[in-house]
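Letters go in sequence order (proteins before strands), and every chain restarts at 1. The structure displayed is predicted, hence computed values, not measured ones.
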Amino acid sequence: MDPILDGLNTAQREAVTSSAPILQVLAPPGSGKTKTLTARVAYLLSHHGYLPQDVICCTFTIKASREMRERLAKLIGERLESRLILGTFHSICRRYLVKYGYLIGLRKGFGIADSDDSRAILRRIIKRLNATIEVKTAQGKISRHKAHGLSPDALAERVKAEEMELVDIYRAYQSALADSNLLDYDDLLVRCGDLLREHPECVSNVQTVLVDEFQDTNIIQYDLMNLFAAQNRRITIVGDPDQSIYGFRSAEIQNLRRMQRRYSNTSIVLLESNYRSSASILKSAQGVIEQDTMRPAKTLQATHSFGTLPVLRKLPTANAEAHWMVLEIKRAVAMTGGLVRMSDIAILLRSTSLSTRIETAFGRAGIPYKMVGGRKFFDRTEVKTLVNYLRVVSHTGHADALLGIINVPPRRIGDETIRQLTGGADKAQVPLWNFIKDVIQGRRSTEKKLQKAAEQGLCSLVKLIDAAKQKLQDCPDASAPCVLLEHITESLSFQEYLIKTYPLDEDSRWANVKELMGQANDAAASAGDVAQEEDLPEIEGVEQQQSHPGEEALSKFLANVALATEATKEGDMETEKVTISTIHAAKGLEWPVVFIPAVYNGSIPHSRAEVIDEERRLLYVAMTRAQALLYLSLPLRQPRLGEGEDGSTSLTPFLTPKLVKDRFRPKGPQLHEKVVYAIADILRRPRPTPDDMYKELNSLPSTLDDRWTSEGEERKDADGQWKDAMGPNDEAKSNPKRRRLDSNQPTSTTYMSASSLMNNSSNFQVSTTLSTGFLSARDYAATSAASQEPVTKSTPNAVPEQPITKKASSTASRKDGLTQASISNFFGGPGSFQKREPIPASRPSIQYPQSSYQTAQTTRPGPAFVPPALTSHRLQPRPLQPSRPALEPAQPSNYTWMAAPSRPAVKPARMLTQPPNGNSAVEAETKSEEAKQESSTGIQSVTFNTTTMASLQQQGGPGRRTLGIRRSMNGWEERMKREGGGQVR
DNA sequence: TCTTGCCAATTTTTT
DNA sequence: ATTGGCAAGA
């Protein structure tokens, strides 16, 4: 078997090997999206004969693209991998603009304005224009407009007089960027779009385009995808509408539909099996996401056992909440006998501001952690300063960078001097840098005479920069950034400067400088590798812009700095650390144990959130990061920004009372043997031995989550000493009396469902009789073996400690199961369904909301298939295709649904129903046939449905539409039931 | 005029 | 806790 397909389930293979030209892979969290996309890249290279340099693969974050590169290197080897055009939209666009930007009049050596730069520019403009708008809002609005492709002029035409202020600011902002030869994040995309529209030949080599996290693309990115693929019109995207959490950045979920409308031959593969989380976590998460009524019902098929219920914990204050996390982390680590380690744990936050409390609590308790997401490193002032020096050296026109360093270290250049200089430069219509040079060399003068000291300071700055520029010219290779940094820090006596200015933490700041140099060094080293990631394939007839290699290395380094999110080098990754991250930054990742604190109204949903659904999805994304243990918590009081006047908080509305009751426990789970084993199984790790599990117990203040009542109150002991006795540091020496395991606490019972109540009461009575008040390991073993805390609740799916596969069909037949109809419903939008009817196939210009689907399922048994033995020959490397005639959106859209149920095995041959070269794909796919199940063979036939969408003049009434949905759902259910028995694997 | 020191305000999420 | 804005010394 093809090694590329190893370890993929049938639906995933379906997606990987599909010969469909336009393919959408829709998949819930944990279903192996990225794995599938990666495998598809490899597959396309090896089976379709695409050259890596002719394949564009867009990811959303730098981390994702790095991960993908690593996976691909393993799959296809570094040689091929390094030639792929793979990266974030922004970085890919930058590459094209570097090479071909001259074609649209972009100046050489442009820099990238990060959001601090943008903010600084806007601040100046707003001040100058005496505008009232806040810098941040202006920044956001401008970015929005750019993402929608609106230039200042275009904006001016469609906006009211009162908004003209913004137009002026926008204009001024653009010209300020242009003056400094900068592009901001949005410009990278917009300008690249301009380039490819005017000069499509730049991507004429591109055979296929793949996009990860498609639900997060905005309009411009969507356009770019199509422009990239203009030549050959072969696109694969993966995405999940439920995980769309970047609406604030103008991401548009509708792009999924837009794409289907544009490409009538869109095929869709659904992945439904979740390989990440316990069934109970999935259930809880689904309970959250399903509150979104506009969303299509969709199955999330668990492959793991039910596990232990997630926790929803109330705590008195935010500090208590942080402390509670400390205790639960310690408990989880100790009681699982090394199964759960610090690095297995993540704290996911709605906003970075929540981290401080947690960080201090962790710091005091000695819990190692690393904070990701907050752009920390490159924001450090000392790092920023040095980077600004590099930027000025790279491009002296970069006015903001220049202003950032003009008086750092202090050169006696104050506000007044700066005002004189910028004012003069403005008047003379000369870049600031040139003006300064002219002034100190006596060719020009400022309105008011500059102070001697200031002039001297300017002199030394100019000297330094000029010397550095010379050095850059002399440096013919990628070591330029490194060389320059050394030169600059030395000439500035930067270390002494740091010592003087930051006497408190001078060493850590210097360490940051060292780190920056290290990164420059790494960049230099990796640039020497076989293939330059930077290089785009040469295209005949289009000249690439060449530049000095040292300069290029420098500008690339600076671009990486600007585009990096968490470029903090993974140097200290080896040590065991808890991860603290924003939810946004956690997307695509997973951890065995996840904490989500502050689940109160105002945090989630955030008080300033615009779209409530997006906040819900955010919580959903956070919850589905967890594999085995999931803890949500909230403080009952918030000192500052609470909801009520008294600072009391209320639980997020996303966690409805019913959901809380059915799917959460009020306190951390008892971590006895059974629970621990279930965790081990979910993580696919060896079960720890009982000895391992018990040996650390004595370090814990309690083996239970009993420091607070389940109503979130401070537990009052007889002597009332909890509070002071339990500093975070001295658990170990606290009075044994307080460590006794509580057996009955009335408060906790209110939450318990009947089943868990039963065994909550009596299991631990043994312990209270122990003279020490604390269980020895063996005692604990004895009690916990008897305790049998229910790991499950009575749910149809509750199959403890058993892979859930056998139950799959029952889930699928539930009314909330994902059906083809419901998914199509999503794409059609609400109410787009109708009973199936013949639909005129050639209606032009589809109005999406009015469209309807014809659902039918085809199975092509026997002769229609190539015998399995031959399937491996099916997709031999093909000659590259000539570009195909365009399929215009005016054609009816025919979506091919290739919904392989997660569990059953499928013969790959079915893909042959599509002609291999795609030219006649449309015709083939529009044929819809009734699905038939080939149940007798015991082998699952493919469910290969063709959904034809076309516009409808008039819609049926709501009743009819519902009927239509029901109908197709029933068909699906029927099939699922029938398929339930025969499974091949 | 530049520097220093104090006070106030501030935090949604990312390329 | 960090940064920006303002007032008083050098």
Side-chain angles (χ1 to χ4, degrees), chain A residues 58-65 87-94 112-120 123 127 134-136 139-140 143 146-147 183-190 213 216-218 220-221 244-251 348-357 359-360 372-376 378-381 384 407 409-420 448-454 457 501-502 504-505 559-567 581-587 598 602-611 614-615 617-619 621-622 640-641:
Chain A
C58 305
T59 66
F60 199 64
T61 63
I62 293 175
K63 199 192 270 168
S65 73
T88 62
F89 273 103
H90 293 84
S91 72
I92 291 174
C93 287
R94 193 195 73 89
I112 296 173
D114 64 26
S115 78
D116 284 346
D117 296 324
S118 304
R119 200 150 31 95
R123 192 166 38 224
K127 218 172 209 171
E134 285 209 39
V135 176
K136 270 211 139 167
Q139 196 181 12
S143 171
K146 282 192 183 181
L183 298 181
D184 70 10
Y185 294 138
D186 301 303
D187 286 337
L188 285 176
L189 307 178
V190 172
E213 307 277 22
D216 289 326
T217 52
N218 61 27
I220 295 278
Q221 287 165 330
S244 163
I245 52 176
Y246 282 97
F248 70 93
R249 218 172 85 177
S250 310
L348 304 184
L349 310 167
R350 170 67 248 259
S351 37
T352 33
S353 54
L354 294 164
S355 76
T356 33
R357 264 202 178 72
E359 288 185 70
T360 45
V372 302
R375 280 171 41 224
K376 296 248 163 136
F378 290 114
D379 271 354
R380 302 272 168 67
T381 45
K384 201 123 214 191
N407 199 32
R411 295 192 180 88
R412 309 201 65 78
I413 301 167
D415 287 347
E416 185 55 31
T417 311
I418 289 171
R419 205 173 314 135
Q420 291 298 317
K448 273 197 233 166
K449 188 98 177 70
L450 293 181
Q451 283 206 317
K452 266 224 181 72
T501 6
Y502 307 101
L504 293 174
D505 57 346
N560 284 340
V561 168
L563 294 175
T565 350
E566 38 78 63
S581 167
T582 61
I583 298 173
H584 283 90
K587 196 164 72 157
S603 176
I604 280 204
H606 196 272
S607 46
R608 295 164 74 169
E610 286 163 21
V611 190
E614 180 152 314
E615 298 288 307
R617 291 193 290 266
L618 210 41
L619 181 59
V621 167
R640 293 261 162 86
L641 296 140

Between C1' on B/dA9 and NZ on A/Lys136, what's the gap in Å once rounded to a whole number?
13 Å
The contact string for nucleotides 1-6 of chain B, one letter per nucleotide 5' to 3', using protein heavy atoms under 4.0 Å with B, S and - for base, sugar-phosphate only and none, comes out as SSS---
Shortest non-hydrogen pair, A/Arg411 vs A/Gly457, comes out as CD-O, 3.3 Å
Is a donor on one side and an acceptor on the other found under 3.5 Å between the side chain of A/Glu614 and the backbone of A/Gly247?
yes
What integer distance in Å separates A/Leu354:CG from C/dA1:C1'?
15 Å
Think A/Thr582 has a side-chain N or O under 4.0 angstrom from the OP1 or OP2 of B/dT14?
yes
Over how many whole Å does the gap from A/Glu614 atom CD to B/dT14 atom C1' extend?
12 Å
When all nucleic acid strands are considered with a 4.0 Å heavy-atom cut-off, which category describes A/Phe60: base, sugar-phosphate, or nothing?
sugar-phosphate
Are A/Tyr246 and the base of B/dT13 stacked, counting only ring centres nearer than 5.5 Å and planes tilted under 30°?
no
Distance col, row A/Leu189:CG vs A/Leu183:CG, nearest 0.5 angstrom, shows 10.5 Å
Without decimals, in angstroms, what is the distance between A/Asp116 CG and B/dT11 P?
12 Å
Verify whether the ring centers belonging to A/His584 and A/Phe248 lie closer than 6.0 Å.
yes
How far does OH of A/Tyr185 sit from OG of A/Ser118, to the nearest 0.5 angstrom?
7.5 Å
Donor + acceptor pair across side chains of A/Ser91, A/Thr88 (<3.5 Å):
yes
Without decimals, in angstroms, what is the distance between A/Arg119 CZ and C/dT3 P?
11 Å
To the nearest angstrom, how far is A/Lys384 atom NZ from C/dG4 atom C1'?
16 Å
Just the rounded figure in Å: distance from P of C/dT2 to CD of A/Glu359.
11 Å
What residues form a side chain to side chain donor-acceptor pair (under 3.5 Å) with A/Arg119, not counting sequence neighbours?
A/Asp116
A/Asp184 CG to B/dT14 P: how many Å, rounded?
18 Å
